[in-house]
Asker: 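Just dropping this structure here.
Small disclaimer: the values here were computed from a predicted structure and weren't measured. Letters A, B, ... mirror the listed sequences (proteins, then strands); counts begin at 1.
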Amino acid sequence: MSEKQLSAVEAELYDRQIRLWGIESQERLRAANILLIGVRGLGSEIAKNILLSGINSLVILDDGVVTEEEQHKNFLLNRDSIGKKIAEEVLIKAQALNPLVKISADTSNPVKKDTKFFESFTIIIATGIKSDLLLRIDKICRASKVKLICGDVFGTFGYSVSDFLDHEYFEDQLKLVAKKRTHDGIEEKPEKETVKVRSEIVYPELNKVIILPNTKQSVEPIKKVKRRNEYFFLMLTLLEFRDREGRNPDVSHKEKDVNLLKEIKKEILTLYNVDEKKLNDDLFNIVFGEVVPVCAVVGGVIAQEVIKGVSQKEAPINNVFLFDPLTYCGKEETVA
Amino acid sequence: MVNSIPYSIDASAREAIPTSKVLVVGAGGIGCEILKNLSLSGFRDIEIIDLDTIDVSNLNRQFLFRKEHVGKPKAVVARESILVHNPDVKIKAYHDSVLSSDYGVNFFKKFNIVLNALDNRTARNHVNRMCLAADVPLIESGTSGYSGQVELIKKGATQCYECLPKPPQKSFPGCTIRNTPSEPVHCIVWAKHLFNQLFGEDDPDQDVSPDTEDPEAKLDGQNSVTESGNIKRVSTKQWAQDIQYDAEKLFNKFFNDDIKYLLSMENLWKKRTPPKPLSWEQAVKVVGAKDENDETSVRAVDMEVWSISKCTKVFAESISQLRNDLEGKTFLVWDKDDKPAMDFVTACANVRANIFSIQQKSRFQIKSIAGNIIPAIATANAMIAGLVVLYAFRILAEKVQQCPSIYLRQKSVHSKFVLAADRQLTKANPNCYVCSAKPFVNVFVNVNKMTVKEFETELLKKHLNMVAPDVVLDAKGVMVISSEEGETEANNDKVLSDLGIVDGSILKCDDFLQNYELTVAINQYEAVEKDDPFFKVVANPDELKAKESNTKENGVSDHKEPESEDDDLLVLDDIVEDPQEGSSSKKRKLNTDSDDDIVEVPL
Ligand SMILES: [Zn+2]
């Protein structure tokens with residue numbers, strides 16, 4: 001019996017999800033080796049969801065140290081973890097979520113990781129990293145056929161961007177099928193039958209999606225879209241802020257950060273030739289910290305995309321997801 | 001001390017969080033996620049109530065529980081799990097039913113907000129009424145597979161959970177189950193009934209033998225089958241015990257003799273494919289190509305459709321096991337997670353399907369249908385619970401208008417939306433028999449046939465969801481039903497008219513626990529056809545006017561009343577649960593941006 005087959009224990013544990021996505025999807029998940037970069041508010045939510053789904057292995061890469069603030073908003077950390085390495089500290093609780101998954105911690109700086117490190121995964125999830133590193137990882141992923149999804153939560157705003165390469169996927173559709181009875185060949189009334197329908201999405205490289213003032217990429221191809229979701233520009237503004245400051249906006253210097261955000265916003269909207277009014281400056285008051293329930297929503301979305309990316313079941317988001325910080329709606333935005 | 005209240009939310013919510021008292025009803029998939037979000041967002045005073053204990057199949061999403069917790073109460077373990085992360089939260093756990101009289105209106109009034117994370121309609125209806133009575137905002141939520149929804153219920157501002165009629169329970173006419181199955185589900189229901197006939201509690205509504213009363217079997221008023229032809233034994237269970245549960249004899253009776261009898265009801269087969277009786281001797285020979293597959297492989301046991309010979313083997317094995325299980329007990333209760341019980345139903349449903357030329361199903365598929373399993377995943381629960389707590393912030397900030405219903409939908413190429421909100425709050429139904437100022441319904445019953453007990457159990461409790469009603473006949477002040485024990489027991493077996501309840505009578509029905517008073521107008525109604533419902537309830541007077549205009553002589557229209565529950569119909573499960581982490585089954589059109597290309601995708 002090949003190891004690819006599900007055991008009775010797994011079938012019982014994953015019963016309620018196998019009934020949704022089928023045993024083949026579960027077997028694909030079971031073979032997936034995943035890298036998660038960053039296990040803070042959002043990262044911990046993603047980790048929880050994908051561990052529960054029953055993957056083969058998870059590497060958690062984070063060089064941070066647990067602060068009191070981080071412990072408060074991260075369910076995988078207990079109080080005695082404060083002051084220690086975050087990647088190592090989340091291990092115990094992460095493992096308890098699903099003892100069947102092989103989990104390991106890596107406390108090195110993601111920037112220092114070589115090409116080889118990234119090549120061995122089925123899919124990579126990146127949170128909290130700067131855009132140059134993200135684009136570098138995407139290049140490696142493309143060369144070695146590794147899927148990639150990145151995302152962040154800034155206050156009540158959140159997003160994800162996927163690069164699932166040339167992604168083939170299947171959907172179940174109910175169709176009426178005419179049947180002939182086996183024993184006498186008489187035509188029976190048509191029966192509903194589930195048929196697998198194959199589709200494909202070709203994802204653009206991330207350097208054609210995330211174009212910031214200094215990326216030296218032409219924005220022309222993605223500029224033409226008339227009704228670009230305004231939160232796409234909010235996402236770019238926040239990424240550019242992180243690139244410049246090496247950190248996320250921080251309430252302890254709120255005024256300074258809001259001013260810088262306004263400046264960056266102007267640059268970006270000019271670059272894309274979009275009216276300044278498209279993005280309201282008031283939004284910059286609610287981009288501080290990671291609001292836990294927003295991490296739960298965006299972490300749920302990203303984990304579900306990872307599951308789709310791995311299992312090749314159901315249509316994934318193509319290619320940007322934007323969580324509206326005011327209405328709490330969540331929409332797909334196709335860029336490039 | 002670092003403050004864990006999120007900065008980027010409404011300032012008044014930030015102020016309210018540390019002193020707010022929150023009740024979470026249900027510690028399942030959504031409940032676990034809500035508790036985590038509350039505790040991580042700085043809530044300090046939480047109460048959680050759940051009646052359930054932990055099952056292995058919960059562990060793929062109810063992340064506060066682990067394998068070693070299986071069998072323990074969800075509420076208690078969830079509390080402990082939260083306290084490990086944050087020992088400073090005051091959290092009280094009740095391993096109890098929220099329907100209990102211990103949780104009255106005053107209990108609900110203690111809370112600033114109530115968050116529902118339930119899996120059944122009965123409890124949802126009840127909490128809805130309690131929150132209306134206590135005037136506490138309620139956030140209702142549910143998921144089913146990839147979809148889900150969040151809905152605010154606030155007295156005077158929104159509709160309540162019971163404003164719109166819910167679709168009735170899935171049920172099938174008795175004669176379809178007993179005589180003329182045409183879909184796999186009919187065979188599965190029959191197989192569950194057979195289980196109960198052989199091992200379960202006696203239930204006359206779950207007869208499995210041919211139904212000679214089938215109106216279709218009669219022709220031009222002539223009874224083609226004589227009454228004496230009804231092959232009904234004193235008790236199927238007694239007979240099975242007398243033959244020591246001999247698998248071969250049992251098989252031949254249900255799959256050969258009974259089928260031959262059905263064939264003799266010729267009218268049934270004029271336009272249908274007649275069934276083919278199958279004897280044990282024949283059945284064991286119908287071997288399948290994959291029978292030799294590894295018995296331990298999940299795919300072989302659960303995913304493949306068994307051959308008929310495999311069915312006979314499993315039939316015999318499961319009967320022998322169940323017979324052992326029955327030893328020393330009066331009856332067994334069917335449970336989808338009990339291996340021999342599930343094996344028995346799979347084998348019987350497939351043999352019957354084969355006889356009636358109906359598609360056979362795998363054990364896995366039959367379990368879904370027989371056990372009413374709603375698929376559930378961690379990600380959908382996480383998203384919905386996140387939105388629930390984001391709405392809780394807004395309600396504490398008194399921004400109720402900013403909480404229209406939000407829907408989570410499976411992503412498709414036809415829609416950009418993953419999460420879509422209504423444009424505004426949904427207004428209450430002015431004729432709602434729960435949340436309107438003077439709740440009122442018209443009830444159609446046969447006052448000469450329905451007993452007081454039936455009125456209480458079937459109509460007031462099961463249909464109108466009361467817990468402990470007191471009923472007074474308005475004009476005469478006669479106490480018909482009392483929630484106090486021993487006061488009106490003498491009325492139980494009397495029919496309504498014995499107590500002076502006739503067409504036009506007005507009953508005042510009062511549920512003290514729910515603080516709910518309902519006026520019931522009695523309309524005399526007699527069922528004519530076999531499939532006519534036992535009673536009807538009409539809440540909307542417009543609907544009633546429409547009915548009156550096309551009323552037949554007996555005072556009953558032939559207009560189909562969607563909310564009625566057919567007494568003559570067999571229900572798939574005693575309680576048809578709402579979705580696992582339960583979403584209300586309401587289907588509403590989504591208000592979406594005009595530039596969006598939302599297309600209805602046919603299933
Ligand atoms: Zn209502």
Asker: Is it true that atom CD of A:Glu200 has more than 12 heavy atoms of other residues, nucleotides or ligands lying nearer than 6.0 Å?
Answerer: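 More than 12 heavy atoms, drawn from other residues, nucleotides or ligands, come within 6.0 Å of this atom.
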Asker: Measure A:Phe321 against the heavy atoms of chain B and call it side chain, backbone, both or neither at under 4.5 Å.
Answerer: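 Only the side chain of A:Phe321 comes within 4.5 Å of chain B.
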Asker: Count the heavy atoms belonging to other residues, nucleotides or ligands that lie under 6.0 Å from CD1 of A:Ile92, then report whether that count exceeds 12.
Answerer: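 Check fails, neighbour count at 12 or below.
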Asker: Taking the side chain as everything from C-beta on, heavy atoms only, tell me whether B:Leu419 gets closer than 4.5 Å to A:Tyr328.
Answerer: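 B:Leu419 does not reach A:Tyr328 side chain to side chain.
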Asker: Answer yes or no: is there a side-chain heavy-atom contact under 4.5 Å between A:Arg79 and B:Asn86?
Answerer: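 They are in side-chain contact.
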Asker: Would you name the heavy atoms of A:Cys329 and B:Ala421 that are closest together and state the gap between them?
Answerer: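 That would be SG-N, 3.3 Å.
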Asker: Given heavy-atom pairs under 4.5 angstrom as the criterion, report whether the side chain, backbone, both or neither of A:Pro316 touches chain B.
Answerer: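 The backbone, not the side chain.
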Asker: Using heavy-atom distances under 4.5 Å, tell me whether B:Gln402 contacts chain A through its side chain, its backbone, both, or neither.
Answerer: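 Contact with chain A involves no heavy atom of B:Gln402 at all.
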Asker: When only pairs under 4.5 Å are counted, which of B:Ser57, B:Ala385, B:Ala378 shares the most heavy-atom pairs with chain A?
Answerer: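 It is B:Ser57.
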Asker: Check whether any side-chain heavy atom of A:Lys308 lies under 4.5 Å from a side-chain heavy atom of B:Lys411, and answer yes or no.
Answerer: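 Yes; the side chains approach each other to less than 4.5 Å.
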Asker: Using non-hydrogen atoms and a 4.5 Å limit, figure out which bit of A:Val251 sits close to chain B: side chain, backbone, both or neither.
Answerer: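 Side chain only.
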Asker: So which of A:Glu10, A:Lys254, A:Glu171 has the largest heavy-atom pair count under 4.5 angstrom toward chain B?
Answerer: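 Result: the option with the highest number of such pairs is A:Lys254.
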Asker: Using only atom types and a distance under 3.5 Å, with no angle test, would you say the side chain of A:Arg19 pairs donor to acceptor with the backbone of B:Gln365?
Answerer: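 Looks like no, no N/O pair under 3.5 Å.
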Asker: Any heavy-atom pair between the side chains of A:Tyr14 and B:Ile377 that's under 4.5 Å?
Answerer: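 Of all side-chain heavy-atom pairs linking A:Tyr14 with B:Ile377, none is under 4.5 Å.
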Asker: Look at the rings of A:Phe288 and B:Tyr7 and say which category their plane angle falls in: under 30° parallel, 30 to 60° tilted, over 60° perpendicular.
Answerer: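 Rings of A:Phe288 and B:Tyr7: perpendicular, as their planes differ by over 60°.
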Asker: Among B:Ser39, B:Pro87, B:Ala380, single out the residue with the greatest number of heavy-atom pairs under 4.5 Å to chain A.
Answerer: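 Option with the top pair count is B:Pro87.
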Asker: Heavy-atom distances under 4.5 Å only: say whether B:Leu387 touches chain A with side chain, backbone, both or neither.
Answerer: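 Contact with chain A: backbone and side chain both.
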Asker: On a heavy-atom basis, which atom in B:Asn60 and which in A:Leu52 lie closest, and how many Å separate them?
Answerer: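 The answer is O-CB, 3.3 Å.
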Asker: Go through A:Lys73, A:Glu290, A:Lys48 and name the one with the most non-hydrogen pairs under 4.5 angstrom from chain B.
Answerer: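 Most heavy-atom pairs within the cutoff with chain B belong to A:Lys48.
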Asker: Between B:Leu59, B:Leu390, B:Val56, B:Val389, which has the largest tally of heavy atom pairs under 4.5 Å with chain A?
Answerer: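 The residue among B:Leu59, B:Leu390, B:Val56, B:Val389 with the greatest pair count is B:Leu390.
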Asker: Between atom CD1 of A:Ile18 and atom CE of B:Met303, what is the distance when rounded to the nearest 0.5 Å?
Answerer: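 One finds 5.5 Å between CD1 of A:Ile18 and CE of B:Met303.
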Asker: How many angstroms lie between atom OG of B:Ser4 and atom CD of A:Glu68, to the nearest 0.5 angstrom?
Answerer: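 Between B:Ser4 OG and A:Glu68 CD, I get 10.0 Å after rounding to 0.5 Å.
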Asker: Counting only N and O atoms by type, is there a donor-acceptor contact under 3.5 Å from the side chain of B:His85 to the main-chain atoms of A:Asn74?
Answerer: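 Pair found, side chain donor or acceptor close to backbone of A:Asn74.
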Asker: For A:Val287, is it the side chain, the backbone, both, or neither that has a heavy atom closer than 4.5 Å to a heavy atom of chain B?
Answerer: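 When you check distances to chain B, only backbone atoms of A:Val287 fall under 4.5 Å.
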Asker: If you look at every heavy atom in A:Pro293 and B:Gly386, which pair is closest and at what distance?
Answerer: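 Where A:Pro293 meets B:Gly386 most closely, the heavy atoms are CB-O, 3.3 Å.
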Asker: Could you list the residues that satisfy side chain to side chain contact (heavy atoms under 4.5 Å, CB included) with A:Ala296, not counting sequence neighbours?
Answerer: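 Residues passing side chain to side chain contact (heavy atoms under 4.5 Å, CB included) with A:Ala296: A:Glu45, B:Lys36, B:Asn37.
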Asker: To check you understand the geometry: which heavy-atom pair defines the closest contact between A:Ala303 and B:Thr379, and what is its length?
Answerer: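 Here A:Ala303 and B:Thr379 meet closest at CB-CG2, 3.7 Å.
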Asker: Against chain B, label A:Phe284 side chain, backbone, both or neither, depending on which of its atoms sit under 4.5 Å from a heavy atom there.
Answerer: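 For A:Phe284, neither part sits under 4.5 Å from chain B.
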Asker: Between A:Leu77 and chain B, which part of the residue has a heavy atom less than 4.5 Å away: side chain, backbone, both or neither?
Answerer: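 Only the backbone of A:Leu77 comes within 4.5 Å of chain B.
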Asker: Side chain of A:Glu314, backbone of B:Gln410: donor and acceptor closer than 3.5 Å?
Answerer: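 Judged by distance alone, no pair lies under 3.5 Å.
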Asker: Heavy-atom cut-off 4.5 Å, strictly under: side chain, backbone, both or neither for A:Phe154 against chain B?
Answerer: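 A:Phe154 has no heavy atom closer than 4.5 Å to chain B.
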Asker: Which atoms of A:Thr327 come close to chain B, meaning under 4.5 Å heavy atom to heavy atom: side chain ones, backbone ones, both, or neither?
Answerer: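 The answer is the backbone of A:Thr327.
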Asker: Taking only heavy atoms into account, what residues of residues 63-70 of chain B are found under 4.5 Å from chain A?
Answerer: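 Listed by number: B:Phe63, B:Leu64, B:Arg66.
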Asker: Go through the steps to decide whether A:Glu332 and B:Phe417 satisfy the test side-chain contact (heavy atoms from CB on, under 4.5 Å), and finish with yes or no.
Answerer: CA-CA 6 Å; A:Glu332 171 190 72; B:Phe417 273 94; over 6 Å; no
Asker: Just so I understand: if I count every heavy-atom pair under 4.5 Å between each of A:Asn285, A:Leu76, A:Val301, A:Asp15 and chain B, which residue has the most?
Answerer: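 When all of A:Asn285, A:Leu76, A:Val301, A:Asp15 are compared, A:Val301 has the most.
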Asker: Return the option, out of B:Pro404, B:Ala392, B:Ser368, with the maximum number of heavy-atom pairs under 4.5 Å with chain A.
Answerer: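 Top count of heavy-atom pairs under 4.5 Å with chain A: B:Ser368.
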Asker: Is there a donor-acceptor contact under 3.5 Å linking the side chains of B:Asn58 and A:Arg16?
Answerer: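 Absent: no donor and acceptor within the cut-off.
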